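One structure is given here, and the rest of the page talks about it.
As the structure is a computational prediction, the values presented were derived from the model and not from experiment.
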Amino acid sequence: MNSPNPNSLKYRFTKGLLKALARINKHQPRSSSSSSREIQRRYRRIKTAAYASMACAVGTRRAWSRELLWKIRNQARNGGVLRRIGSTSTSAHYPMKKRSQKKPVEAGLGRVDELRKVVPGGEGMDTWSLLEETAHYMKCLTTQVKVMRTIVAIYSTT
């Protein structure tokens, strides 16, 4: 079996995530409380750990990772909950309004604006940079899902 490439994104993400999960597990209360509040708290910690591990694996080369790390640091400083990643307004939590009939060019620009809300740090980017960042962010999210599915598969068989 080949040894994993320590420079690969997948390897760096997995290493960071496993360390973070070990820290979360270490701080788990000893009582077997599975209250709704405790489950939500652990869910948020795991979600934050996954995003932080992904952003750290990429480093500061990408705008989305810088934005994500900044949000996580501020969340830790403020003691708050990490809200919706990539969203700067609360309007993203409400259902979308019916689309009006627009010209194709206007509809395309509206989609770019929607994309700016989804990709962390996308608010200040030009369209070309936004598309590049989106492609990389999607690649990293795909890697994140694959790694987390593998972790679940390993631990669900033991």
Trace of the side-chain contact (heavy atoms from CB on, under 4.5 Å) decision for I154 with T150: CA-CA 6 Å; I154 290 169; T150 302; 4.0 Å; yes
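- Taken to the nearest 0.5 Å, the CG atom of L130 stands 14.0 Å off from the CH2 atom of W64.
- Note on M148: it does not cluster hydrophobically with Y11, by side-chain heavy-atom contacts below 4.5 Å among ILVMFWY residues.
- Using a 4.5 Å heavy-atom cutoff, the side chains of R73 and R77 are in contact.
- Under a 3.5 Å cut-off, the side chain of R116 and the backbone N or O of G124 do not form any donor-acceptor pair.
- Transitive grouping of hydrophobic side chains (ILVMFWY, heavy atoms separated by less than 4.5 Å) keeps Y137 and W70 in distinct clusters.
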Apply side-chain contact (heavy atoms from CB on, under 4.5 Å) to residues R44 and R41 and explain how you reach the verdict. CA-CA 5 Å; R44 284 191 304 268; R41 189 176 66 78; 4.1 Å; yes
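- Cluster annotation: M125 is not connected to L69 through the hydrophobic network of ILVMFWY side chains, with a link wherever side-chain heavy atoms come within less than 4.5 Å.
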Would V118 and T134 count as a side-chain contact (heavy atoms from CB on, under 4.5 Å) if you check the C-alpha gap in whole Å, the side-chain angles of each, and the deciding distance to 0.1 Å? CA-CA 9 Å; V118 175; T134 301; over 6 Å; no
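- Under a hydrophobic clustering in which Ile, Leu, Val, Met, Phe, Trp and Tyr are joined whenever their side-chain heavy atoms come within less than 4.5 Å, directly or via other members, M54 and L18 fall into the same cluster.
- In this structure, CG on L17 lies 4.5 Å from CD1 on I151, to the nearest 0.5 angstrom.
- I46 and Y155 fall within a single hydrophobic cluster, where Ile, Leu, Val, Met, Phe, Trp and Tyr are joined by side-chain heavy atoms under 4.5 Å apart, directly or via other members.
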Please walk me through it: do K71 and Q75 pass side-chain contact (heavy atoms from CB on, under 4.5 Å)? CA-CA 6 Å; K71 283 184 179 189; Q75 174 237 349; over 6 Å; no
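- The distance from atom CZ of R42 to atom CG of N25, rounded to the nearest 0.5 Å, is 6.0 Å.
- In this structure, E67 CD and T60 OG1 are separated by 13.5 Å, a value rounded to the nearest 0.5 Å.
- Interatomic distance, C140 SG to Q144 CD, rounded to the nearest 0.5 Å: 9.0 Å.
- Remark: side-chain polar atoms of S65 are paired, donor with acceptor, to backbone N or O of G59 under 3.5 angstrom.
- Evaluation of the salt bridge (charged side-chain N to carboxylate O under 4.0 Å, His left out) test over residues 127-139, restricted to residues two or more places apart or in two chains, returns R62-E133.
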